[in-house]
Amino acid sequence: MAGLRERKKAQTRQRIAAVAWRLFAERGFEAVTVNEIAEAAEVAKATLFAYFPTKESLALQGVGDDDLAGIVTRRPAGQSPLEALRAHFRALAAGPMTGLDPEVLVSRIRVIFDSPALSTAANALLYQQRQQLAEALKAEAVAAGEEGGERDAGGRGEMVAVLMAAQISASLVTLQEAFFRRLADGTSLDGARQQLAEDVELAFSLLADGLETHTAHTA
């Protein structure tokens, strides 16, 4: 019985999201009200809010969902934070991406870009993700310092963590933007995925080796 309830909840959530995105694509995020979404999805407004606390949360499913901090803190022993993140996104890019409709994905991205409110909310989620990654990296630096008996009196370890998180986050956002842009330009899903895999390697090589090293090798 519990399994049936969970399936019904998942179906209701999926129906609400699908209806909302159809309306957003047709009229734009700001022009669609929560009441209209609830009515079209044939649910009460209270039911809609039980699944999605805000209209923005409904539209931004998946944005900032990658648990970068968790990838760092749960990585295997002997693997660096950057290696763990690289392995995660390498596997993601190599995956089959089944069930993904490029037209729907591009439509959703355009809805977000066309809405100042959604763009602001998306940036806030990505900033939160970056801050969590910085905290995880900072904790790693503190633990390493304690084990080695070194103290970071000048606070440079914290700044290193913040800068690392900023560079990693910026690289990942750029990879996503390039992937979406290729889809919008008509590249097949398989072609965009293959290029994403190459971009992941390039991005993490730059993060690991530094821009000057990479430039010297390609000059």
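The structure presented is a predicted model; accordingly, all values stated were derived computationally and were not measured.
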Checklist entry - Considering residues at least two apart in sequence or located in another chain, which fulfil the salt bridge (charged side-chain N to carboxylate O under 4.0 Å, His left out) criterion with R15? => result none
Checklist entry - Is Q79 atom CD crowded by more than 12 heavy atoms from other residues, nucleotides or ligands, each under 6.0 Å away? => result yes
Next on the checklist: Testing the basics here: between D114 and P116, what is the closest heavy-atom pair and its distance to 0.1 Å?
Outcome noted: O-CD, 3.6 Å
Item to check | Residues L125, Q128; criterion side-chain contact (heavy atoms from CB on, under 4.5 Å); working and verdict | outcome: CA-CA 5 Å; L125 289 174; Q128 183 180 44; 4.2 Å; yes
Checklist outcome for this item: Looking only at heavy atoms, the pair that brings A165 and L137 closest together is N-CD1, 3.9 Å
Checklist entry - Do we see a donor-acceptor contact under 3.5 Å between the side chains of E30 and S115? => result yes
Next on the checklist: Could you go through N35 and E39, starting from their C-alpha distance and side-chain angles, then the distance that decides it, and tell me whether this counts as side-chain hydrogen bond (donor to acceptor under 3.5 Å, both in side chains)?
Outcome noted: CA-CA 6 Å; N35 285 335; E39 182 178 354; over 6 Å; no
Item to check | Heavy-atom pair of closest approach, residues A122 and I112 | outcome: CB-CG2, 4.4 Å
Item to check | Minimum heavy-atom distance R193-A93, with the two atoms named | outcome: CG-O, 2.9 Å
Checklist entry - Looking only at atom types and distance, does a side-chain atom of R90 sit under 3.5 Å from a main-chain N or O of V200, one as donor and one as acceptor? => result no
Item to check | Candidate pair V19 and F24, rule side-chain contact (heavy atoms from CB on, under 4.5 Å), full reasoning | outcome: CA-CA 9 Å; V19 167; F24 294 154; over 6 Å; no
Checklist entry - Between S205 and R86, is a side-chain contact (heavy atoms from CB on, under 4.5 Å) present by the stated rule, with each step listed? => result CA-CA 9 Å; S205 292; R86 185 175 197 160; 3.0 Å; yes
Next on the checklist: Please determine whether a side-chain nitrogen of the Lys or Arg among R75 and E140 lies less than 4.0 Å from a carboxylate oxygen of the Asp or Glu.
Outcome noted: yes
Next on the checklist: Within the structure provided, determine whether R130 and I168 are in side-chain contact (heavy-atom separation under 4.5 Å).
Outcome noted: no
Checklist entry - At what distance, to the nearest 0.5 angstrom, does CZ of R5 lie from NZ of K8? => result 10.0 Å
What donor-acceptor contacts under 3.5 angstrom involve side-chain atoms of residues 44-55, with partners at least two apart or in another chain?
unit_1	atom_1	unit_2	atom_2	d
T54	OG1	S57	N	2.9
T54	OG1	S57	OG	3.3
K55	NZ	F29	O	3.0
K55	NZ	V32	O	2.6

Checklist outcome for this item: Between the CG atom in L68 and the CD atom in Q131, the distance rounded to the nearest 0.5 Å is 12.5 Å
Item to check | Hydrophobic cluster membership, V104 vs L189, 4.5 Å side-chain cutoff | outcome: no
Checklist entry - Hey, does D209 have a side-chain heavy atom less than 4.5 Å from the side chain of F204? => result no
Item to check | Distance-minimising heavy-atom pair for E36 and A31 | outcome: OE1-O, 3.7 Å
Next on the checklist: Quick one: does any side-chain atom of S171 pair with a main-chain N or O of Q167 as donor and acceptor, under 3.5 Å?
Outcome noted: yes
Next on the checklist: Suppose we screen for salt bridge (charged side-chain N to carboxylate O under 4.0 Å, His left out). Which residues come up paired with R110, at least two apart in sequence or across chains?
Outcome noted: none
Item to check | salt bridge (charged side-chain N to carboxylate O under 4.0 Å, His left out) against E26, all qualifying residues, sequence neighbours excluded | outcome: R22
Checklist entry - Between Y127 and M164, is there a shared hydrophobic cluster once you connect ILVMFWY residues whose side-chain heavy atoms come closer than 4.5 Å? => result no
Next on the checklist: Going by the rule side chain to side chain donor-acceptor pair (under 3.5 Å), which residues pair with Q132 if we only count those two or more places apart in sequence or in a different chain?
Outcome noted: none
Mind listing the side-chain donor-acceptor pairs of residues 173-182 below 3.5 Å, one per line with the distance, residues two or more places apart or on another chain?
unit_1	atom_1	unit_2	atom_2	d
T174	OG1	A170	O	2.8
R182	NH1	D199	OD2	3.0
R182	NH2	D199	OD2	2.9

Next on the checklist: Tell me if a side-chain donor or acceptor on E83 pairs with a main-chain N or O of S80 at a distance below 3.5 Å.
Outcome noted: yes
Checklist entry - Salt-bridged, K138 to E135, with N to O below 4.0 Å? => result yes
Item to check | Derivation of the side-chain contact (heavy atoms from CB on, under 4.5 Å) call for D66 and L172 | outcome: CA-CA 10 Å; D66 286 312; L172 295 177; over 6 Å; no
Checklist outcome for this item: Between the CD1 atom in I16 and the CD atom in E42, the distance rounded to the nearest 0.5 Å is 11.5 Å
Checklist entry - Minimum heavy-atom separation for L133 to S169, with atom names? => result CD2-OG, 4.3 Å
